[in-house]
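Here is the structure we will look at, set down as structure tokens.
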Number of protein chains: 2
Amino acid sequence: MKMSDRKKKILQIVVDEYINTAVPVSSKNIAEKHLTDISSATVRNELASLEELGYLTQFHTSGGRVPSPQAYRFYIEELMEKGNLSDSDLDYIQSAFSSKSNDVEHLIKSVSKVISDLTDYTSVAIGPHADAERIRSITLLPCGDGRALLVIVTGERILRDSFIRVPENMTDEELENASRVISKLFEGKALTEAKEVEEEALQEFGQYRQVMAEVIDALKTYTHPREEDVVLTGAEKIFNHPEYEDIGNVKNFLSVISSKDKIAELIGDENDEIQISVKIGSSGDKDVPDDCSLVTATYSAGGKNLGTYGVIGPIRMDYPKVIAVLENVGRALEGIVENKNRDKHNNKDGKQ
Amino acid sequence: MKMSDRKKKILQIVVDEYINTAVPVSSKNIAEKHLTDISSATVRNELASLEELGYLTQFHTSGGRVPSPQAYRFYIEELMEKGNLSDSDLDYIQSAFSSKSNDVEHLIKSVSKVISDLTDYTSVAIGPHADAERIRSITLLPCGDGRALLVIVTGERILRDSFIRVPENMTDEELENASRVISKLFEGKALTEAKEVEEEALQEFGQYRQVMAEVIDALKTYTHPREEDVVLTGAEKIFNHPEYEDIGNVKNFLSVISSKDKIAELIGDENDEIQISVKIGSSGDKDVPDDCSLVTATYSAGGKNLGTYGVIGPIRMDYPKVIAVLENVGRALEGIVENKNRDKHNNKDGKQ
DNA sequence: GTTAGCACTCTCAACACCTAAGTGCTAACG
DNA sequence: CGTTAGCACTTAGGTGTTGAGAGTGCTAAC
């Protein structure tokens, strides 16, 4: 059986209508409100055939039809008409990013909040991959008890820190020296380049090889997204959607979002080439839980990864709106990052 | 009307029974299972009188009785019999704290998890007040763009960090010098003592007063608990309790725990003298939301505050169990902290 | 290929009815 | 005067019935 243009049109109507109303769509509804030139009986024939093709399901005979996950996928691929944001939404994006705090941690949080507020779904976000970032400063601070704090500041001003073990008999002065050596070795390099200097570094370090090894280990762990990097905003938004009037669904959803590890796994393996990714639960995308849909966008500006942002919610999601929000937020974000870079250059030029 | 001993006994039975079964308690139940020497009619008279005193309520005439918040308060004050933990629970506490990681951040998380697992409620935790902690190391690291990273490591190995603004024309070397001066000034002092050296510090700093002022500002903010210090574990545990089969209650609960600010406010203002505090929503404790109960304990060892830990859940909470868990966890925690201190001293003695 | 018409199925709300649980009250008892 | 048995009363919750409404599938006619 082929997908005629009319079938596509009808499928599109069903999905649009169901997204907006959350009520199973009837043939009468379609014929009266959207396709006034054909009768409900004709629509019924087409619906029956779409059902046979796997795009629609019905709970019971007299209950209207509901899109299947397969239908949503097809809808997103081919049928969906792009949404536009209202002026007030656009204003909101502008005003949210106009605050001048350029601390990346805060930026991630505010982007996540904007997305959640505008889409009315729970937003998930994960910061930039640290891989490509260049180390601006790397320091070991003595803390006593055979421990030192490793502080790394990268070009993007993200700082990461963790304790490493040092020999108990190492004095603060020795540690300071070691810190200086490490500084020389790594400053200006990207985190991923740590491996390349590994041999050289271990050589140079003589008796404190162990310390160096720990530092390199720590550097390596930074290239993976960590639990703390996952930001979740607006979990309570799910109550605004009728599928979560059922306690079982709430439970399921909660159990998904309460594991940040799992979320990191879900959104962390994005292929950077794909700008917007839609994953729909059940059968298709292995890891996405049933009855859940995950829409994410990976942003970048000036060749730099800015992180992955998106929403998680019911399969019956307002994809046009969500995608419009993600696109607009992305543009705004790229805008401010590029402006910032330009400012920086101008300032430098002006002073030199 | 007086509270006779028999009334107290009956009230205790009602609360115990309701805590365990979540079913409104009937006079017949009490007479048959607990007070076999008197008849249900007598119990009924007593129940009616307890209701008049405000300790009991009923949803409808034939529905049995349910304790009021006032009854829970009285129960905790006077009636409750202390619970004992099972051997397996005690073992669990021991094994959970035997891991030797003495990183405070991790310790808080694992304590919170233990409490949540053993009580089956959502656990809230907030780390030690920084007030009394002595600064072990304080450093300013240059980050470019008129910013520097302030890194503070305290005796408890808690590290806190934030960016501060520095004059754009300040060189890295100047910053390093400033860092050294600041180090000298503050090392070994408690965070709360920052104010005392304020005048002296501003004096000494000459042209970079501004930097010093920012550092002192930052120090001041650390004495308040911050959003990031609040740890929440086991939010999904609420589904194990029947009051949260109602979507409205889940919604309410979620909205409470989704604001870490609010939680910090709730548990952060503990009077350190009180070891265990019970706050029951509705009328009594202003800030605790209706239908919620908050039980927290503030731990300390060797004069040092170790943070505040507890659970948040329905008013119908298993107070004896929760309090037993909090007490045992507290003892275990104090034990390991004291052992650690002793080890530290022994090591030092051995080496010197 | 399209459509009108109709029988069929299913949900949902309303209603009556019944039962079980628990209470309050009263009158009798020691 | 406290205690108790007995009984009438109240209410939630479950069940069965009914009718209306919605939507479909099928068929025969256009």
Side-chain angles (χ1 to χ4, degrees), chain A residues 1-11 13-15 17-18 20-68 71 242-243 245-246, chain B residues 1-11 13-15 17-18 20-68 71 242-243 245-246:
Chain A
M1 207 179 315
K2 272 203 323 211
M3 272 292 265
S4 66
D5 281 354
R6 195 170 65 180
K7 277 199 184 58
K8 289 185 186 175
K9 180 73 189 158
I10 289 178
L11 185 55
I13 292 170
V14 172
V15 178
E17 190 75 13
Y18 189 62
N20 286 327
T21 64
V23 172
V25 187
S26 74
S27 57
K28 193 179 158 206
N29 181 330
I30 296 173
E32 282 181 1
K33 288 197 204 154
H34 300 97
L35 295 176
T36 46
D37 52 334
I38 57 175
S39 78
S40 69
T42 311
V43 176
R44 265 201 297 284
N45 288 333
E46 296 284 49
L47 289 179
S49 134
L50 280 168
E51 187 169 347
E52 211 171 321
L53 288 167
Y55 290 107
L56 299 176
T57 51
Q58 37 185 178
F59 295 125
H60 51 266
T61 38
S62 73
R65 258 110 174 174
V66 161
S68 68
E243 20 277 281
E245 271 159 29
D246 175 49
Chain B
M1 209 179 312
K2 271 204 325 215
M3 271 292 262
S4 68
D5 281 354
R6 194 170 68 183
K7 277 199 183 62
K8 288 186 186 172
K9 181 71 190 160
I10 289 177
L11 185 55
I13 292 170
V14 172
V15 177
E17 190 76 13
Y18 189 61
N20 287 325
T21 64
V23 172
V25 187
S26 74
S27 57
K28 193 179 157 205
N29 180 330
I30 296 173
E32 282 180 2
K33 286 198 205 155
H34 301 96
L35 296 176
T36 45
D37 52 334
I38 57 175
S39 77
S40 69
T42 311
V43 175
R44 265 202 295 286
N45 288 332
E46 296 284 51
L47 289 177
S49 137
L50 279 168
E51 186 169 350
E52 211 171 321
L53 287 166
Y55 290 106
L56 300 177
T57 51
Q58 37 186 178
F59 294 127
H60 53 265
T61 39
S62 74
R65 257 109 175 174
V66 160
S68 67
E243 19 277 282
E245 272 158 28
D246 174 50

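Letters A, B, ... mirror the listed sequences (proteins, then strands); counts begin at 1.
- Within the 4.5 Å cutoff, side-chain heavy atoms of A:Lys7 are placed close to those of A:Ser49.
- Atom CG in B:Leu47 sits roughly 8 Å away from atom P in C:dG24 (whole-Å rounding).
- Nearest approach of B:Pro242 to B:Ala22, heavy atoms of both residues: CG-CB, 3.7 Å.
- Among the atoms of the strands shown, only primed sugar atoms or phosphate atoms (P, OP1, OP2) are found under 4.0 Å from some heavy atom of B:Ser27.
- Side-chain proximity of A:Ser39 to D:dT3, C:dT11, C:dA4: nearest is C:dA4.
- Note on B:Ser26: every side-chain N or O is 4.0 Å or more away from OP1 and OP2 of C:dT23.
- Relative to the side chain of B:Glu51, the nucleotides D:dT11, C:dG24, D:dT24 differ in distance, and C:dG24 lies closest.
- Here the side chains of A:Arg6 and A:Ile10 are in contact, with some heavy-atom distance below 4.5 Å.
- Remark: P of D:dT24 and CZ of A:Phe59 are 14 Å apart, rounded to the nearest angstrom.
- The phosphate of C:dT23 has neither OP1 nor OP2 within less than 4.0 Å of any side-chain N or O from B:Thr61.
- Atom-to-atom, CD of A:Gln58 to C1' of D:dT24 comes out at 7 Å; the value is rounded to the nearest Å.
- Annotation: side chain of A:Tyr18 is not in contact with side chain of A:Val23 (no heavy-atom distance under 4.5 Å).
- For the pair B:Val25 and B:Glu17, the minimum side-chain heavy-atom distance is below 4.5 Å.
- Across all strands shown, A:Asp37 has heavy atoms under 4.0 Å from sugar-phosphate atoms exclusively, and none from any base.
- Residues A:Met3 and A:Tyr55 are in side-chain contact: their nearest non-hydrogen atoms beyond the backbone lie under 4.5 Å apart.
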In dot-bracket notation, what is the pairing pattern of DNA chain D, taking Watson-Crick (N1-N3 plus N6-O4 or O6-N4) and G-U wobble (N1-O2 and O6-N3) contacts under 3.5 Å, with [ ] crossing and | for other strands?
||||||||||||||||||||||||||||||
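- Side-chain N/O atoms of B:Thr42 include one lying less than 4.0 angstrom from OP1 or OP2 on D:dT4.
- For B:Arg44, no side-chain nitrogen or oxygen approaches OP1 or OP2 of C:dC25 to under 4.0 Å.
- Here C:dT26 presents its C1' atom at 11 Å from CG of B:Asn45, a figure rounded to the nearest Å.
- The side chain of A:Ser62 lies closest to C:dC10 when the candidates are D:dA12, C:dC10, D:dT4.
- If you find the closest nucleotide of DNA chain D to B:Ser40 and to A:Arg65, the one lying nearer the 5' end belongs to B:Ser40.
- As a whole-Å value, the separation of B:Arg6 CZ from D:dT4 P is 8 Å.
- Atom NZ of A:Lys9 is separated from atom OG of A:Ser4 by 13.0 Å, given to the nearest 0.5 angstrom.
- Considering only the side chain of B:Ala41, D:dT4 comes nearest among D:dT4, C:dT2, D:dG25.
- When rounded to the nearest whole Å, the span between CG of B:Leu56 and C1' of C:dG24 equals 16 Å.
- With rounding to whole Å, B:Ile30 atom CD1 is found 17 Å from D:dT3 atom C1'.
- Taking 4.5 Å as the limit, some side-chain heavy atom of A:Ile30 sits within range of a side-chain heavy atom of A:Leu47.
- Taking atom CD of A:Glu32 as the reference point, atom P of D:dG23 lies 10 Å away to the nearest angstrom.
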